[in-house]
Amino acid sequence: MASEETGTLFLNPDRNLAMELVRATEAAAIRAVPFIGRGDKNAADKAAVDAMRKFLGTVNFDGVVVIGEGEKDEAPMLYNGEHVGNGRGPSCDIAVDPIDGTSLTAAGRQNAISMIAVSDRGSMLDASSVFYMDKIVVGPEGVGVVDIRKPIGENLRALAKAKGKPIEEVVVAVLDRPRHAQLIDDIRAAGAGTRLMLDGDVAGGINAARYGTRIDMCVGIGGSPEGVATACAIKALGGLIQGRLVASTDDERQRGLDAGLKFDHVYEANDLVTSDNTYFVATGVTDGGLVGGVRRKGPIIRTESIVLRGRSGTIRRVIADHLAAKWLGEIDLTELSAP
């Protein structure tokens, strides 16, 4: 079809692709519901993976999983390198996490999402050989102001000034991990507050970059795949993401070097995803600051999703009502009752 933006043949991901991807995250989120609060994160993940892969198989695109559930012998579905889609349409890189926050789901906690990120083929950084990345994410006000190479206190003071607010009103999202004890102390010593996350730093990063949220910054060491997925969303938000790979062992560092990755190097958004033609799609599994969770409303199942498109800088929310009777035999509908 012809692109409205360029006037030329547009073979890359188009607007319709986003709505097709939402169907896959909705299905994964709905299928995970019976496992919320049941203590079995593997069962929740398997149900979501099965549903997402089934729906992705119908989508009109040729996707290659750059960030998935792991290597082929460890993950039989949605593994790194797997082709998904019906093979027709645009050629894309795809990052999938049927449940970002399996532990949150198993414990019945907030902020679990099902997510997919998509960009042009060959544009996503494959950082799968190095699990961790030290990241900083802020909104548009922080562009040219915040830098991961600076002390956290200096960044916080600069961001507060750029946003025109007292540093005492600045809120920073950080994964609640022992490795972040000093970082958390430094944030509080600078005068800012913390929002400690049990899991799910993708949602934390997006909320830090979105307009009008209570989160001003997201920092700390989390997954490197999540950093790449977050970068797809940042392309639509106009914010800033920077990351530095963190190797846990000498062997992991060597694997990263063999894969062409750089240590002691700051990866910017355009390094993590070289294309601006990106989509980020997420559906809530449990309630959270980014999207609401799945719930039953009488005869329907309601889902809430967010769609971010990098090329147009557009954010859309999708509220979908699914006829519950169509899911009979698939899930236990009593698990979907609203609180």
Side-chain angles (χ1 to χ4, degrees), residues 1-29 31 48-100 114-129 202 224-233 235-236 259-260 269-283 305-312 314 316 318:
M1 75 176 185
S3 167
E4 295 178 4
E5 288 123 329
T6 65
T8 59
L9 188 63
F10 185 45
L11 297 178
N12 296 316
D14 64 20
R15 294 173 180 81
N16 294 331
L17 180 58
M19 296 309 298
E20 292 301 302
L21 296 174
V22 166
R23 294 173 60 238
T25 57
E26 288 171 347
R31 292 286 184 86
V49 169
D50 290 345
M52 179 175 283
R53 189 173 186 273
K54 177 181 177 181
F55 275 80
L56 282 176
T58 70
V59 177
N60 188 40
F61 78 138
D62 177 17
V64 173
V65 178
V66 175
I67 298 168
E69 294 291 285
E71 298 301 323
K72 183 175 182 179
D73 56 351
E74 295 291 335
M77 293 191 295
L78 296 179
Y79 57 83
N80 298 349
E82 181 178 2
H83 280 256
V84 294
N86 62 16
R88 300 187 296 273
S91 297
C92 308
D93 284 348
I94 179 169
V96 298
D97 198 341
I99 305 179
D100 180 33
S114 175
M115 66 123 231
I116 297 173
V118 173
S119 65
D120 294 327
R121 176 69 54 80
S123 62
M124 278 189 192
L125 178 72
D126 183 355
S128 57
S129 56
V202 173
S224 56
E226 285 81 358
V228 177
T230 302
C232 286
K235 296 276 186 170
N270 287 333
D271 301 316
L272 297 171
V273 185
T274 59
S275 171
D276 287 331
N277 193 29
T278 63
Y279 285 103
F280 179 90
V281 178
T283 300
S305 305
I306 189 169
V307 178
L308 298 94
R309 188 177 186 224
R311 174 157 283 172
S312 61
T314 304
R316 289 184 172 87
V318 180

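The figures that follow rest on heavy atoms only: side chains count, while hydrogens, waters and symmetry mates do not.
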### Task
State, with a plain yes or no, whether a side-chain heavy atom of R53 is found less than 4.5 Å away from one of V96.
no

### Task
May I ask you to check whether S128 and D126 show a side-chain donor-acceptor distance below 3.5 Å?
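Per modelled atom types, S128 and D126 side chains form a pair under 3.5 Å.
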
### Query
Side chains of T283 and S305: do they bring a donor and an acceptor to under 3.5 Å?
yes

Spatial distance of atom [atom1] ([X]) from atom [atom2] ([Y]) [nearest 0.5 Å]:
X: I99; Y: M115; atom1: CD1; atom2: CE; result: 12.0 Å
X: I116; Y: T25; atom1: CD1; atom2: OG1; result: 5.5 Å
X: M77; Y: M52; atom1: CE; atom2: CE; result: 11.5 Å
X: L56; Y: L78; atom1: CG; atom2: CG; result: 6.5 Å
X: L272; Y: S224; atom1: CG; atom2: OG; result: 9.5 Å
X: R121; Y: I94; atom1: CZ; atom2: CD1; result: 10.5 Å

Exercise: identify the closest heavy-atom pair between [X] and [Y]:
X: T58; Y: K54; value: CG2-O, 3.9 Å
X: A117; Y: F280; value: CB-CD1, 4.1 Å
X: A28; Y: S114; value: CB-OG, 3.3 Å

#### Entry: N-O pairing of E20 and R23 below 4.0 Å
yes

#### Entry: Pair L21-F55, side chain to side chain contact (heavy atoms under 4.5 Å, CB included): steps then yes or no
CA-CA 8 Å; L21 296 174; F55 275 80; over 6 Å; no

#### Entry: Sequence-distant partners of T278, side chain to side chain contact (heavy atoms under 4.5 Å, CB included), two or more places apart
S119, C232, K235, V273

### Query
Who pairs with I67 by side chain to side chain contact (heavy atoms under 4.5 Å, CB included), at least two apart in sequence or on another chain?
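Only A95, P225, V228 meet the side chain to side chain contact (heavy atoms under 4.5 Å, CB included) criterion with I67.
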
Does [X] reach the main-chain N or O of [Y] with its side chain, forming a donor-acceptor pair under 3.5 Å?
X: D93; Y: V66; result: no
X: S275; Y: S123; result: no
X: N80; Y: G68; result: yes

### Result of checking V118, V22, N60 against L17 for side-chain contact (heavy atoms from CB on, under 4.5 Å)
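Single pass found, and it is V118.
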
